[in-house]
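Okay, so here's the structure we're looking at.
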Amino acid sequence: MSSLKYIFLIIIICTLFSCQSKTDSNAEKKNVEIKSTEFIYDHTELSDIKKIENKNNGIQYAKPYRISLSKNYFPDIEHYDFDQPLIYRKDTGNLNTQTSYFFTKKDSTLRLIEYSWSQNRKQQLFIDNLYSFNKNKISKVLGKGIETFEKKENWWQRTVRWDNDSIHVFSFIFGVDEGQRTRVIIRYKKN
């Protein structure tokens, strides 16, 4: 290789490292303002979902693959045939909320709603605070829930559950070091 090629190669490498370090040092993580999500505790008709989401500036989108529920979310799943859920995303002051509405094919009955949030590398840590915020908010409506904690070698999970005659609600936070994602699931009991 000629000396001119070496010089050119060194200049390129130095430029790349210089840009990378500037990007890393200037990358300030965005602060996340935790805002209250309106949870739907009362049984709602599928036809009302669009009105609710329009009011909350939700944007509907579809996943290109089949989404199904686990037995953890819906224990008697084998008795139902679920359609593809309606999924909405909304940006509530840089806190991205995804809401999924699960309903049965046969009668279009809304059976379960999942509200979900995940940590983003560009944001300051907020999942732990959001989990506590949601837990306190739900407890004001449904009373104190039953909370459990599970720790494995590489991860941990905290779950809180509430029950009444018409709904079963649970919220969980999953983490490695800090919380990575949190969910609130509202499952409607049989009508």
**Complete:** Rounding to 0.5 Å, atoms OG1 (Thr182) and CG (Asn134) come to a distance of 6.0 Å
**Asked** CG/Asn129 to CD1/Ile173 distance, rounded to the nearest 0.5 angstrom?
**Response** 9.0 Å
**Request:** Identify the heavy atoms of Ile186 and Ile40 that sit nearest to each other, and give their distance.
**Result:** CD1-O, 3.5 Å
**Request:** Applying ring pair (Phe, Tyr, Trp, His ring centres under 6.0 Å), name anything that partners Tyr80, two or more places apart in sequence or on another chain.
**Result:** Phe74
**Item:** Inter-residue atom distance Asp76.CG - Arg187.CZ, 0.5 Å rounding
**Value:** 7.0 Å
**Message:** To the nearest 0.5 Å, what is the distance between CG on Asp83 and OG1 on Thr109?
**Reply:** 12.0 Å
**Prompt:** Is Arg89 close to Ser116 at the side-chain level, that is, under 4.5 Å between some pair of heavy atoms?
**Reply:** no
**Asked** Side-chain heavy atoms under 4.5 angstrom apart, residues restricted to Ile, Leu, Val, Met, Phe, Trp, Tyr: same cluster for Phe102 and Tyr61?
**Response** yes
**Prompt:** Does anything in residues 142-152 pair up under salt bridge (Lys or Arg N to Asp or Glu O under 4.0 Å), and if so which pairs, sequence neighbours excluded?
**Reply:** Lys135-Glu147, Glu150-Lys152
**Within 6.0 Å of CD1 in Ile67, more than 12 heavy atoms from elsewhere** = yes
**Request:** Just do the side chain to side chain donor-acceptor pair (under 3.5 Å) check on Lys90 and Thr99 with the steps written out, would you?
**Result:** CA-CA 8 Å; Lys90 47 196 149 293; Thr99 308; 3.2 Å; yes
**Shortest non-hydrogen contact from Gly179 toward Trp156** = N-CZ2, 3.7 Å
**Request:** Measure the spacing between CG of Leu130 and NZ of Lys137 and express it to the nearest 0.5 Å.
**Result:** 10.5 Å
**Prompt:** Residues in ring pair (Phe, Tyr, Trp, His ring centres under 6.0 Å) with Trp155, at least two apart?
**Reply:** Phe174
**Request:** Decide whether Val169 and Ile146 are clustered together by the hydrophobic rule: side chain heavy atoms of Ile, Leu, Val, Met, Phe, Trp, Tyr closer than 4.5 Å, transitively.
**Result:** no
**Request:** State, yes or no, whether a side-chain contact exists between Ile113 and Tyr188 at a heavy-atom distance under 4.5 Å.
**Result:** yes
**Fill in**
Tyr73 meets the ring pair (Phe, Tyr, Trp, His ring centres under 6.0 Å) criterion, sequence neighbours left out, with Phe170
**Request:** Provide the closest heavy-atom pair for Ser108 versus Phe103 in the form atom of the first, atom of the second, distance.
**Result:** CA-CD1, 4.1 Å
**Message:** Checking the side chain of Thr104 only, and the main-chain atoms of Asp81 only, is there a donor and an acceptor separated by less than 3.5 Å?
**Reply:** no
**Item:** Test item: Ser118 and Gln98 side chains (from C-beta on) under 4.5 Å apart, heavy atoms
**Value:** no
**Asked** His43 side chain to Leu110 main-chain N or O, any donor-acceptor pair under 3.5 Å?
**Response** yes
**Asked** Quick one: are Asn164 and Tyr41 in side-chain contact, heavy atoms under 4.5 Å?
**Response** no
**Request:** Determine yes or no for a side-chain-to-main-chain donor-acceptor pair under 3.5 angstrom, with Gln84 supplying the side chain and Tyr65 the backbone.
**Result:** yes
**Prompt:** CD1 of Ile127 to CG of Asn120: how many Å apart, nearest 0.5 Å?
**Reply:** 10.0 Å
**Fill in**
Result for side chain to side chain contact (heavy atoms under 4.5 Å, CB included) between Tyr101 and one of Ile87, Leu112, Ile49 points to Ile49
**Prompt:** Which atoms form the tightest heavy-atom contact between Ser139 and Gly145, and what is the distance?
**Reply:** OG-N, 4.3 Å
**Message:** Tell me whether Trp162 contacts the main-chain N or O of Gly143 through its side chain, where contact means a donor paired with an acceptor under 3.5 Å.
**Reply:** yes
**Request:** Using atom types as modelled and distance alone, determine if a side-chain donor or acceptor of Glu178 lies under 3.5 Å from a backbone N or O of Val176.
**Result:** no
**Asked** Is the number of heavy atoms from other residues, nucleotides or ligands within 6.0 Å of NZ (Lys106) greater than 12?
**Response** no
**Pairs meeting criterion salt bridge (Lys or Arg N to Asp or Glu O under 4.0 Å) with involvement of residues 159-175, two or more places apart** = Asp163-Lys189
**Asked** How far apart are the C-alpha atoms of Ser68 and Phe82, what are their side-chain angles, what is the distance that settles it, and do they pass the side-chain contact (heavy atoms from CB on, under 4.5 Å) test?
**Response** CA-CA 8 Å; Ser68 59; Phe82 281 88; over 6 Å; no
**Request:** Kindly work out whether a path of hydrophobic side-chain contacts (I/L/V/M/F/W/Y, heavy atoms less than 4.5 Å apart) joins Val141 to Phe133.
**Result:** yes
**Message:** Just so I know, are the side chains of Leu46 and Leu86 near enough to count as touching, which here means a heavy-atom distance under 4.5 Å?
**Reply:** yes
**Request:** Test Thr148 against Phe172 for side-chain contact (heavy atoms from CB on, under 4.5 Å), laying out the working first.
**Result:** CA-CA 9 Å; Thr148 58; Phe172 72 85; over 6 Å; no
**Request:** Show your reasoning for whether side-chain contact (heavy atoms from CB on, under 4.5 Å) applies to Trp117 and Thr37.
**Result:** CA-CA 11 Å; Trp117 303 266; Thr37 297; 3.5 Å; yes
**Request:** Just jot down the ring pair (Phe, Tyr, Trp, His ring centres under 6.0 Å) partners of Tyr115, sequence neighbours excluded, or say none.
**Result:** Phe39
**Item:** Main-chain N/O of Gln124 paired with Gln119 side-chain donor or acceptor, under 3.5 Å
**Value:** yes
